[in-house]
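Structure, as structure tokens:
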Amino acid sequence: MNSNNISNLLKLTNNDHSSTNAVSGNILFPRPIRKFSGRVNDQSVDKEYQKEVKQLEARRLRYSQVMEHRKKVLDGTTTDKVQLQIDRKKEIDKHIEVKRIKEKEIEVLERNSHQKVLQYHDKKGYQDNINSDRRKQNLRSIMEENRKMAEQQKQQRKREVEENRRQERVVLSQDFLTRNRTYM
């Protein structure tokens, strides 16, 4: 592109956006950029300011405490150092007590959960026993039915075999009586 085309393009982009209340954007992206809205929530600004002031005050307080502690540790008298050791011992004891309390709570929770598990297994075991008794009783009744059916089938086979034998005897006896006898 030559310089005339670029200048014409710039003129066109500036003229296109002059009717709106927008500031012209980048040359590469000729589109309007909206102005910042004038509406600001004053309450949120006040809250943010108060929050920041509290945070700064907390930082200052913490910094002064750390510096005071360092002065006592590095340049303090023996009584200051003894007092620091006593304070540290109290903090350690407090942490140990908190740890013991948490361990007791965990132990109680574990014991309760263990008892719940045992109760569940007892109930489940009882249910399993009932179910196994029912299952055994059901299997016994099925076994008895199977035995009866097998006995009936056996008797049926015996009857059929005897019936077949009787029919064969009748046929044989008829054949014997009706056959041609030839004498030589």
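- Put simply, the side chain of Arg147 does not reach to within 4.5 Å of the side chain of Glu151, judged on heavy atoms.
- Surrounding CD of Gln65 are more than 12 heavy atoms belonging to other residues, nucleotides or ligands, all under 6.0 Å away.
- Side-chain contact between Glu107 and Glu103 is absent, with no heavy-atom pair separated by less than 4.5 Å.
- Taking the side chain as every heavy atom from C-beta outward, Leu56 and Arg59 approach each other to under 4.5 Å.
- Between Arg159 and Glu162, none of the side-chain N atoms (NZ, or NE/NH1/NH2) sits under 4.0 Å from a carboxylate O, so this pair counts as no salt bridge.
- Here the closest non-hydrogen pair linking Lys81 and Lys72 is CG-O, 4.1 Å.
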(request) Start with the C-alpha gap between Glu105 and Lys102, add the side-chain angles, then the distance that decides, and say whether salt bridge (charged side-chain N to carboxylate O under 4.0 Å, His left out) holds. (result) CA-CA 5 Å; Glu105 289 175 358; Lys102 286 184 180 180; over 6 Å; no
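- Interatomic distance, NZ of Lys90 versus CG of Asp87, reported as 6.0 Å (0.5 Å rounding).
- Atom OG of Ser132 is separated from atom CG of Asn138 by 12.5 Å, given to the nearest 0.5 angstrom.
- Screening Arg169, Gln167, Glu163 for a side-chain contact (heavy atoms from CB on, under 4.5 Å) with Arg165, the sole residue that qualifies is Arg169.
- Rounded to the nearest 0.5 angstrom, Ile106 CD1 and Lys99 NZ are separated by 10.5 Å.
- Using a 3.5 Å distance cut-off with no hydrogens or angles, the side chains of Glu160 and Asn164 do not pair a donor with an acceptor.
- Here the straight-line distance linking atom NZ of Lys136 with atom CE of Met143 works out to 12.5 Å at 0.5 Å rounding.
- Proximity of Val66 to Arg70: side-chain heavy atoms (C-beta onward) are separated by under 4.5 Å at one or more points.
- At most 12 non-hydrogen atoms from other residues, nucleotides or ligands lie less than 6.0 angstrom from CE of Met149.
- For the atom pair His114 NE2 and Arg111 CZ, the distance stands at 10.5 Å (nearest 0.5 Å).
- Counting heavy atoms from C-beta outward, His69 and Leu84 have side chains that approach closer than 4.5 Å.
- Between the CG atom of Asp46 and the CD atom of Glu48 there is a distance of 10.5 Å, given to the nearest 0.5 Å.
- Lys71 and Glu68 are not joined by a salt bridge, as no carboxylate oxygen comes within less than 4.0 angstrom of a charged side-chain nitrogen.
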(message) Apply side chain to side chain contact (heavy atoms under 4.5 Å, CB included) to residues Glu97 and Ile101 and explain how you reach the verdict.
(response) CA-CA 6 Å; Glu97 186 63 30; Ile101 290 171; 4.0 Å; yes
